[in-house]
Number of protein chains: 2
Amino acid sequence: MTESENRGATTLPSDLFRDPACSTSARPVTVGGKWTALVLRCLEDGRPHRFTELRVPLHWITPKVLTETLRAMERDGFVSRTVHDEHPPRVEYALTPLGRSLLDPLDAACAWARTHGGAIADARDSYDTAAETR
Amino acid sequence: MTESENRGATTLPSDLFRDPACSTSARPVTVGGKWTALVLRCLEDGRPHRFTELRVPLHWITPKVLTETLRAMERDGFVSRTVHDEHPPRVEYALTPLGRSLLDPLDAACAWARTHGGAIADARDSYDTAAETR
DNA sequence: CTGTATCCCGAAAGATACTG
DNA sequence: CAGTATCTTTCGGGATACAG
């Protein structure tokens, strides 16, 4: 599918977990809970997104955990929650300006991970092998 | 005490917990575990510091938890651990270049907290009061 | 579709006491 | 001084099932 064919689509990132900067082990700097940074990435396109839609790029995170994550982010003022009065219900989540400002330190964290993330793995290897031979 | 009188002293930060950027609730971007960012701040002067010495600015963190934190940071290559062959034993911890590089994203996180940290408290207030009156 | 309600598990953190 | 050894608590996260 080309970009132009994708017009109007929901265009959520699908390779979230392939980004080395998203690997928890290589990114010591985290945002909020386990899923907060990933949700920020899902919403950074500026568009509102629905609940179930968000679950896909998050590897079908359980609804309980996604609810907890979104509620916490809403309470902190990072995301807005809009309920449309329809059947079936439609609820949309979007980044607030405050939430968007969080992308700055998150980008800094990811930049660090891309540059130095490999050094962590190396350090762990030598630490662990040194511990083994003792 | 003036700066010049402080020459040669261990000069660990004493106001760690008064810095709004260190308040967990206002700094959604964290580094490693609960104590990692604080240890980085203790070591950012570039000097080596001893185990018990580190406990003071950390509000007498229990030795078990400090050991776990330092071991994890050592394994990741963020701090070096030097054992001096003396009696009583003297062990010194210092930042490695990799650990020092972590100060970049940490500073970005603290800068965000100083600028927007108050907005979180405001958002929580209105969210909580809105929830109460329901 | 958008959640809640339960139950469960492991990891992180803390209190306390003890050792080389 | 610089840890280790236990024990306990807490909490984030996950599985599953069900409701409006």
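Order of the sequence lines sets the chain letters (A, B, ...), proteins ahead of strands, with each chain counted from 1. Quick caveat, the model's predicted, so the values are computed rather than measured.
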**Q** Under the side-chain hydrogen bond (donor to acceptor under 3.5 Å, both in side chains) rule, collect the residues that match up with A:Arg71, sequence neighbours excluded.
**A**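 Here no residue qualifies.
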**Q** Could you tell me how far apart A:Lys34 (NZ) and D:dG14 (C1') are, to the nearest whole angstrom?
**A**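 Atom NZ in A:Lys34 sits about 8 Å away from atom C1' in D:dG14.
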**Q** So what is the end-to-end bend of the helix from C:dC1-D:dG20 to C:dG20-D:dC1, with 5 pairs used at each end and the value given to 10 degrees?
**A**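 The value is 50°.
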**Q** Check the distance between D:dC1's C1' and B:Leu66's CG and give it to me in whole angstrom.
**A**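 Distance check: B:Leu66 CG to D:dC1 C1' gives 13 Å.
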**Q** Rounded off to whole Å, could you give me the CG-to-P distance for the A:Asp85 and D:dG20 pair?
**A**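 Going from A:Asp85 (CG) to D:dG20 (P), I get 18 Å.
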**Q** If you define the side chain from C-beta out and look only at heavy atoms, does anything of A:Leu43 sit under 4.5 Å from A:Leu54?
**A**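 A:Leu43 reaches A:Leu54 side chain to side chain.
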**Q** B:Arg55 side chain to B:Ile61 main-chain N or O, any donor-acceptor pair under 3.5 Å?
**A**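 Yes, B:Arg55 side chain to B:Ile61 backbone: donor-acceptor pair under 3.5 Å.
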**Q** For the backbone of B:Val29 and the side chain of B:Arg27, can you confirm whether one donor and one acceptor N or O come within less than 3.5 Å of each other?
**A**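 Looks like yes, one N/O pair under 3.5 Å.
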**Q** Respond yes when some side-chain nitrogen or oxygen of B:Arg50 is under 4.0 Å from OP1 or OP2 of D:dC1, and no when none is.
**A**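 False: B:Arg50 side-chain N/O out of range (4.0 Å or more) of D:dC1 OP1/OP2.
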**Q** The test is salt bridge (charged side-chain N to carboxylate O under 4.0 Å, His left out); show your working for A:Arg75 and B:Asp125 and say whether it passes.
**A** CA-CA 9 Å; A:Arg75 188 172 100 100; B:Asp125 280 349; over 6 Å; no
**Q** Find the distance B:His87:NE2 to D:dA2:P and express it as a whole number of Å.
**A**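 Interatomic distance, NE2 of B:His87 to P of D:dA2: 13 Å.
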**Q** Give a yes or no on whether A:Tyr127 and B:Met73 share a hydrophobic cluster (residues Ile, Leu, Val, Met, Phe, Trp, Tyr; joining criterion: side-chain heavy atoms under 4.5 Å apart).
**A**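 Each belongs to a different hydrophobic cluster.
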**Q** Could you check A:Thr82 against A:Arg90 for side-chain hydrogen bond (donor to acceptor under 3.5 Å, both in side chains), going step by step and ending with a plain yes or no?
**A** CA-CA 8 Å; A:Thr82 308; A:Arg90 189 169 110 245; over 6 Å; no
**Q** Does any pair with a residue in residues 51-103 of chain A pass ring-ring contact (aromatic ring centres under 6.0 Å, His included), and if so which ones, sequence neighbours excluded?
**A**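 Checked against ring-ring contact (aromatic ring centres under 6.0 Å, His included) - neighbours excluded - the pairs reaching residues 51-103 of chain A are A:Phe17-A:His59.
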**Q** Can you give me the first and the last nucleotide of DNA chain C (5' to 3') that has an atom within less than 4.0 angstrom of a non-hydrogen atom in chain A?
**A**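 Extent of the interface on DNA chain C: C:dC1 to C:dT6.
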**Q** Could you tell me which residues satisfy salt bridge (charged side-chain N to carboxylate O under 4.0 Å, His left out) with B:Arg100, sequence neighbours excluded, listed by chain and number?
**A**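 Residues passing salt bridge (charged side-chain N to carboxylate O under 4.0 Å, His left out) with B:Arg100: none at all.
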**Q** Could you run down nucleotides 3-9 of chain D 5' to 3' and tag each one B, S or - for protein heavy-atom contact under 4.0 Å?
**A** BBBB---
**Q** Please confirm whether the backbone N or O of B:Val65 pairs with a side-chain atom of B:Trp35, one donor and one acceptor, at under 3.5 Å?
**A**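 Checking the backbone N and O of B:Val65 against the side chain of B:Trp35, no donor-acceptor pair under 3.5 Å is found.
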**Q** Between A:Thr96 (side chain only) and A:Gly77 (backbone N and O only), is there a donor and an acceptor less than 3.5 Å apart?
**A**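 Yes: the side chain of A:Thr96 pairs with the backbone of A:Gly77.
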**Q** For D:dA2, does OP1 or OP2 lie under 4.0 Å from any side-chain N or O of B:Thr52?
**A**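 Yes, because at least one side-chain N or O of B:Thr52 sits under 4.0 Å from OP1 or OP2 of D:dA2.
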**Q** Would you indicate, yes or no, if D:dG14 has its OP1 or OP2 atom less than 4.0 angstrom from a side-chain nitrogen or oxygen of A:Trp35?
**A**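 Yes, A:Trp35 has a side-chain N/O under 4.0 Å of OP1/OP2 on D:dG14.
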